[in-house]
Peer 1: 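Below is the structure I would like to discuss, written out as structure tokens.
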Amino acid sequence: MTHFAFREEDLTLEVDYVVVGSGAGGATAANELARGGATVALIEAGPWRDPEDYPSSTYGAMRDVFDDWGVGIARGRALWPIVQASCVGGTTVINCAICVRTPEDVMLQWERDLGVGNKAWRDAIWKHQDKLEVELCAEVVPPEAAGRSSLLAAKGAEAVRYDGHPMTRYVKGCVGSGQCLQGCKQLKKQSLNLQFVPEVMALGGTVLSCAPAERVLLEGRRAVGVSGRFREPVTRRKGGRYTVRARKGVVVAASVTRTAPLLMASGVKHPLLGKGFRAHPGTGVFGVYDHDVDMNVGATQGWASVQYRIEPGMKVETLSIPPEMVASRLAGAGKELVARMGDYRRMAMWVVAVRAEAVGRIKRGLLGEVSVDYSFARPDMERLRKGLALLARTHFAAGAVKVLPGIYGLPYEIGPDQVDLIENGPLDPRSYILISSHLFGGTTMDKDPTRGVCDEYGRVHGYEGLVVADASVIPTTLGVNPQHTIMALARSFADRLLDA
Ligand SMILES: Cc1cc2nc3c(=O)[nH]c(=O)nc-3n(C[C@H](O)[C@H](O)[C@H](O)COP(=O)(O)OP(=O)(O)OC[C@H]3O[C@@H](n4cnc5c(N)ncnc54)[C@H](O)[C@@H]3O)c2cc1C
Ligand code: SF4
């Protein structure tokens with residue numbers, strides 16, 4: 001087992017495949033390549049964090065596992081945070097482990113509009129998802145781990161008359177500690193730092209952590225390796241340089257915000273590089289009940305509804321967040337905020353993730369800084385209002401005594417006869433605090449090289465031995481949580497490399 005963490009000395013290696021990024025896409029691709037007998041080096045910008053060292057607070061998570069302290073933002077008419085992790089295992093370490101199959105309508109749209117895939121391709125993706133569900137212990141949240149917030153959501157949805165269900169998640173015996181966003185210290189969540197990355201090493205692979213890749217090395221139009229420099233994760237002090245030569249190919253899976261800029265820095269030319277950024281931006285509505293809910297007891301996310309995935313285009317789900325994050329979401333300061341936080345134990349937070357039409361762009365500045373231009377269009381704002389109003393209604397149907405809409409210009413709290421205030425709420429995106437955690441695009445797939453950067457196996461059009469295997473290739477929104485799709489695509493791309 002070989003792991004190189006931060007070091008002062010330079011390093012040179014040669015392997016069959018170099019994989020950049022160890023998150024949902026990268027760890028899965030590296031694992032499949034290693035299982036297929038290839039020698040693999042997995043290069044990760046962030047540090048290796050063992051579960052016993054996971055942080056306990058939001059501040060600790062921002063410091064230790066979030067990418068850039070979680071300060072990434074999408075800039076447009078509003079500034080909305082983008083959240084991703086930077087550590088071995090990538091965002092799977094801090095995500096909620098939700099596992100949803102790629103919807104058939106989405107893949108049919110890809111085939112029809114983009115020439116991506118066909119029946120055999122789709123069947124292969126679902127077959128990978130069958131296997132992933134077994135390997136990563138996909139498990140429906142049992143009632144005893146759901147927590148009161150999710151049970152209330154189920155009750156409210158039934159009363160409002162829409163479908164919902166307990167989540168299926170990659171967990172083995174979740175005990176409902178509500179700590180997924182800081183990493184699962186109970187070792188229940190099957191994040192890829194605990195699953196596929198150790199297997200890559202056991203199969204003879206090498207992991208470099210604290211090692212942001214700076215460049216994919218190209219010889220003409222062929223990718224032949226990766227170079228970069230070790231970086232101390234907290235102080236950002238630079239260490240030794242490394243070069244990893246790839247005999248067979250380079251797989252880039254550095255996340256939606258990092259993959260396209262890395263390819264740009266490497267001299268890859270394609271007019272659509274960085275374009276086609278899409279997301280499911282989301283925000284929450286708090287219901288306050290006349291009894292304790294204790295939203296932090298139970299699975300971090302335990303219940304969801306996909307009834308409105310296609311029309312109007314949104315997903316609603318429960319989400320528990322720790323007190324310090326709740327404080328940052330409530331209006332007010334000083335004594336007023338402290339008094340409002342007195343409701344904490346009686347609050348349930350449910351979120352709407354908008355399947356947005358908006359399309360943005362990922363850019364790389366002259367000094368290598370990454371920015372994302374992205375603004376909600378009016379139909380997206382309308383979807384958002386519908387989703388928030390639905391959640392408010394669901395809270396009241398579940399017995400909430402008041403709802404905190406968290407919308408600028410609206411009262412701090414509303415009663416059951418005031419939901420129309422949300423329905424007719426502002427259309428100005430600056431009135432809402434949305435966070436994007438489901439990101440897509442930047443190197444999207446399309447059969448036609450003039451319309452997409454990659455083909456249906458992630459191969460960058462016009463280059464040899466260069467594959468993208470993360471959420472960057474996904475050409476549309478999905479309307480469901482993306483990691484199951486990303487992992488299945490990554491496996492399929494790795495298989496194609498092994499077959500070549
Ligand atoms: C809080 C949160 C909760 C979520 N919950 C869910 C959920 O429950 N279910 C679900 O399906 N999805 C969820 N998601 C989304 C899901 O986790 C992501 O869509 C998925 O992890 C993206 O996979 P990826 O491979 O594209 O990138 P990531 O998993 O983000 O991995 C990219 C990795 O590449 C590394 N990297 C970046 N640049 C470089 C470089 N230059 N050199 C080397 N390495 C680099 C990064 O440090 C990172 O570790 C959640 C996301 C967040 C933020
Ligand atoms: S809710 Fe707690 S036990 Fe369950 S997966 Fe998340 S962190 Fe682990």
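What you see is a predicted model, and the numbers here were worked out from it, not measured in a lab. Indexing begins at 1, ligand by ligand and atom by atom, following the structure's order.
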Peer 1: ring-ring contact (aromatic ring centres under 6.0 Å, His included) with Y374: which of F277, W80, F440?
Peer 2: F277

Peer 1: So, Y242 side chain and A211 main chain: donor-acceptor pair closer than 3.5 Å or not?
Peer 2: yes

Peer 1: Examine all N, O or S atoms of C174, backbone included, and report whether one is under 2.8 Å from atom 4 (Fe) of ligand 2.
Peer 2: yes

Peer 1: Which of the numbered atoms in ligand 2 are below 4.0 angstrom from a heavy atom of T300?
Peer 2: 1 (S), 6 (Fe)

Peer 1: Could you list the atoms of ligand 2 found under 4.0 angstrom from a heavy atom of V171?
Peer 2: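 Result: 5 (S).
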
Peer 1: So, 4.0 Å and heavy atoms of L181: is ligand 1 close enough to count as a contact?
Peer 2: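 True for this residue.
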
Peer 1: We want to know whether Q109 and T476 form a side-chain donor-acceptor pair, criterion being a heavy-atom distance below 3.5 angstrom.
Peer 2: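 On atom types as modelled, these side chains do not qualify, holding no pair under 3.5 Å.
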
Peer 1: Just checking, is any N or O donor in the side chain of S209 or H3 under 3.5 Å from an acceptor N or O on the other one?
Peer 2: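 There is such a pair between these side chains.
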
Peer 1: Between T477 and R278, is any side-chain donor less than 3.5 angstrom from a side-chain acceptor?
Peer 2: no

Peer 1: Does T243 reach the main-chain N or O of T12 with its side chain, forming a donor-acceptor pair under 3.5 Å?
Peer 2: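 The answer is no, because no donor-acceptor pair under 3.5 Å joins these two groups.
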
Peer 1: Check each atom of ligand 1 against the heavy atoms of R258 and keep those under 4.0 Å away; list them by number with element.
Peer 2: 37 (C), 38 (N)

Peer 1: Output the list of atoms in ligand 1 that are nearer than 4.0 Å to some heavy atom of V83, sorted by atom number.
Peer 2: 53 (C)

Peer 1: With no hydrogens and no angle check, is any side-chain donor or acceptor of E44 less than 3.5 Å from a backbone partner on G21?
Peer 2: no

Peer 1: Using a 4.0 Å cutoff against the non-hydrogen atoms of A85, which atoms of ligand 1 qualify?
Peer 2: 46 (C), 47 (O), 48 (C), 49 (O)

Peer 1: With heavy-atom distances below 4.0 Å as the criterion, list the atoms of ligand 2 near C184.
Peer 2: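 Those qualifying, in numeric order: 3 (S), 5 (S), 7 (S), 8 (Fe).
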
Peer 1: Enumerate the atoms of ligand 2 whose separation from the nearest heavy atom of A299 is less than 4.0 angstrom.
Peer 2: 1 (S)

Peer 1: Under 4.0 Å from a heavy atom of G25: give me the atoms of ligand 1 that qualify, with their elements.
Peer 2: 25 (O)

Peer 1: I'd like to know if atom 2 (Fe) of ligand 2 has an N/O/S atom from S177 within less than 2.8 Å of it, counting both backbone and side-chain atoms.
Peer 2: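 It does; at least one qualifying atom falls short of 2.8 Å.
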
Peer 1: Going by heavy-atom distance to atom 10 (C) of ligand 1, choose the closest among V226, N481, T259, T257.
Peer 2: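 Among V226, N481, T259, T257, the closest heavy atom to atom 10 (C) of ligand 1 comes from N481.
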
Peer 1: If you count the atoms of ligand 2 from 1 in the order shown, which ones are under 4.0 Å from a heavy atom of C180?
Peer 2: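 What qualifies from ligand 2 is 1 (S), 5 (S), 6 (Fe), 7 (S).
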
Peer 1: So which bit of K185 gets within less than 4.0 Å of ligand 2, heavy atoms only: side chain, backbone, both or neither?
Peer 2: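 No part of K185 is near ligand 2 at this cut-off.
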
Peer 1: Which bit of A253 is near ligand 1, meaning a heavy atom under 4.0 Å away: side chain, backbone, both or neither?
Peer 2: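 For A253, only backbone atoms sit under 4.0 Å from ligand 1.
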
Peer 1: Considering the heavy atoms of E44, write down every atom of ligand 1 situated less than 4.0 Å from one of them.
Peer 2: 33 (C), 34 (O), 35 (C), 43 (C), 44 (N), 46 (C), 47 (O), 48 (C), 49 (O)

Peer 1: Show me which atoms of ligand 1 lie under 4.0 Å from any heavy atom of I486.
Peer 2: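 Answer, ordered by atom number: 19 (O), 20 (C), 22 (C), 23 (O).
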
